[in-house]
Undergrad: 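Questions regarding the structure given below will be posed in turn.
Quick caveat: nothing in here was measured; it's all calculated off a predicted structure. Chain letters run A, B, ... following the sequence lines, proteins first, then strands; residues in each count from 1.
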Amino acid sequence: MKQNDKKLSRGLIHYKPVEAVFFNQSTLELAKILLGCLLVKETDEGTASGFIVETEAYRGPLDRAAHSFNNRRTKRTEVMFAEAGRVYTYVMHTHCLVNVVSGEIDLPEAVLIRAVEPYEGIDLMLKRRGGTAMKNVTSGPGKLTKALGITMEDYGRRFDEPPIYIAPGFTPEDISTGPRIGIPNSGEAKDYPWRFWVSGNMYVSK
DNA sequence: TCACTGATACGA
DNA sequence: CGTATCAGTGAC
């Protein structure tokens, strides 16, 4: 197997899913602690994974930018009302985006995974992304789902068991925070510093 | 910079 | 039915 990428060196050899209790913390804490964790997806084509380097917190009832604002409950947002650790996928235009459900049952909050640093299955990810430049393979919420093979079939699954799960990864040296992206019509909510990323990481979305 | 894509939800 | 949304791409 060719190791054609220098960013493979995180010193991580074995990994397994986190325990379910990992998800039992506030949405803002979870959004930060997820940075550096490994997001793994297993499919018939093989396993692909990447370190999470950018997240955004969405806090249902009090967040105008969230799909679940004011407890809006539809077929799409239903899983956000479930227990933390569920997979919330939805389709935006032609792209599928993936979130980690957080918060207590009936508190519809979630963490959007915006970017990952490719780790395992890089050839597979490049193939799925049509041979785009390495630095663009997973540097955006729609890009990483395509690269990892995450689809609406993952909706409602749990992030603590295959075929899709979170595993411990590396500890970021420094974390940056700032306003979220792509939510211009959300009143005050657009200014909340609920976007988190690994400082200086080249795979953070532009 | 801009337009096209075209799932889903919501309001008219 | 028209419009907006937690984008990405490719043509200018």
Undergrad: Quick check for you: among C/dG8, C/dC6, C/dT9, whose closest atom lies nearest to any side-chain atom of A/Arg129?
TA: C/dT9

Undergrad: Could you tell me how far apart A/Tyr88 (OH) and B/dA7 (C1') are, to the nearest whole angstrom?
TA: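 Computing the A/Tyr88:OH to B/dA7:C1' distance gives 12 Å.
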
Undergrad: Without decimals, in angstroms, what is the distance between A/His93 NE2 and C/dT3 P?
TA: 15 Å

Undergrad: Less than 4.0 Å between a side-chain N and a carboxylate O, is that true for A/Arg158 and A/Glu83?
TA: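 Salt bridge between A/Glu83 and A/Arg158, a charged N being under 4.0 Å from a carboxylate O: yes.
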
Undergrad: What residue among A/Trp197, A/Phe196, A/Tyr192 forms ring-ring contact (aromatic ring centres under 6.0 Å, His included) with A/Trp194?
TA: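 Going through the options one by one, the only one that passes is A/Tyr192.
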
Undergrad: Just the rounded figure in Å: distance from P of B/dA9 to CE of A/Met92.
TA: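 Atom-to-atom, A/Met92 to B/dA9, this comes out as 14 Å.
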
Undergrad: Starting at NE2 of A/His95 and ending at P of B/dC4, how long is that distance when rounded to a whole Å?
TA: 16 Å

Undergrad: Establish, with yes or no, whether the OP1 or OP2 oxygen of C/dA7 is under 4.0 angstrom from a side-chain nitrogen or oxygen of A/Arg114.
TA: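 A/Arg114 to C/dA7 OP1/OP2: side-chain N or O found under 4.0 Å.
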
Undergrad: Ignoring backbone atoms, establish whether A/Thr94 has a side-chain N or O less than 4.0 Å from OP1 or OP2 of B/dG6.
TA: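 Checking A/Thr94 against B/dG6: no side-chain N or O falls below 4.0 Å of OP1 or OP2.
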
Undergrad: Do A/Glu54 and A/Ser205 have side-chain atoms, one donor and one acceptor, less than 3.5 Å apart?
TA: yes

Undergrad: Provide, to the nearest angstrom, the distance between the CZ atom belonging to A/Arg180 and the P atom belonging to C/dA7.
TA: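 Interatomic distance, CZ of A/Arg180 to P of C/dA7: 11 Å.
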
Undergrad: Name the closest nucleotide to the A/His67 side chain, picking from C/dC6, C/dG8, B/dA9.
TA: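 Closest nucleotide among those given: C/dC6.
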
Undergrad: Side chain of A/Lys143: nearest nucleotide among C/dT9, B/dA9, C/dA7?
TA: C/dT9

Undergrad: Taking the six-membered ring of A/Tyr58 as reference, does the cationic atom of A/Arg180 (NZ for Lys, CZ for Arg) lie under 6.0 Å from its centre and within 45° of its axis?
TA: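 So A/Arg180 does make the cation-pi contact.
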
Undergrad: What is the nucleic acid contact for A/Ile183, judged by heavy atoms within less than 4.0 Å: base, sugar-phosphate only, or nothing?
TA: sugar-phosphate

Undergrad: Give the cluster check for A/Val98 versus A/Val91: same hydrophobic cluster or not, with ILVMFWY residues linked at side-chain heavy-atom distances below 4.5 Å.
TA: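 Unlinked, A/Val98 and A/Val91 end up in two clusters.
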
Undergrad: Would you kindly give the CZ-to-P distance between A/Arg73 and B/dC10, to the nearest whole Å?
TA: 13 Å

Undergrad: Under 5.5 Å between ring centres and under 30° between planes: true for A/Tyr90 and the base of C/dC6?
TA: no

Undergrad: Ignoring hydrogens and geometry beyond distance, is a side-chain donor-acceptor pair present between A/Ser68 and A/Thr77 at under 3.5 Å?
TA: no

Undergrad: Rounding to an integer number of Å, can you tell me how far A/Asp63 CG sits from C/dC6 P?
TA: 10 Å

Undergrad: Can you check whether A/Arg72 has a side-chain N or O nearer than 4.0 Å to OP1 or OP2 of B/dC10?
TA: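 Checking B/dC10 against A/Arg72, a side-chain N or O does come within under 4.0 Å of OP1 or OP2.
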
Undergrad: Hydrogens and angles aside, do A/Arg128 and A/Thr145 bring a side-chain donor and acceptor to less than 3.5 Å of each other?
TA: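 Judged by distance alone, the side chains do not pair up.
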
Undergrad: Pick the P atom in C/dC6 and in B/dT1, then give their distance to the nearest Å.
TA: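 The answer is 22 Å between these two P atoms.
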
Undergrad: If I take atom NZ in residue A/Lys206 and atom P in nucleotide B/dT1, what distance separates them, rounded to the nearest angstrom?
TA: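 About 18 Å, once rounded to whole Å.
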
Undergrad: For A/Tyr15 and A/Tyr165, take the angle between the two ring planes, folded into 0 to 90°, and tell me which bin it lands in: parallel under 30, tilted 30 to 60, perpendicular over 60.
TA: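 It falls in the tilted class, 30° to 60°.
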
Undergrad: Starting at the 5' end of DNA chain B, write a dot or bracket for each base, bracketing those in Watson-Crick or G-U wobble pairs whose two distances are under 3.5 Å and using | for partners on another strand.
TA: |||||.|||||.

Undergrad: Suppose you measure atom C1' in B/dG6 against the same atom in C/dC1; what distance do you get, rounded to whole Å?
TA: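 That atom pair is separated by 15 Å.
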
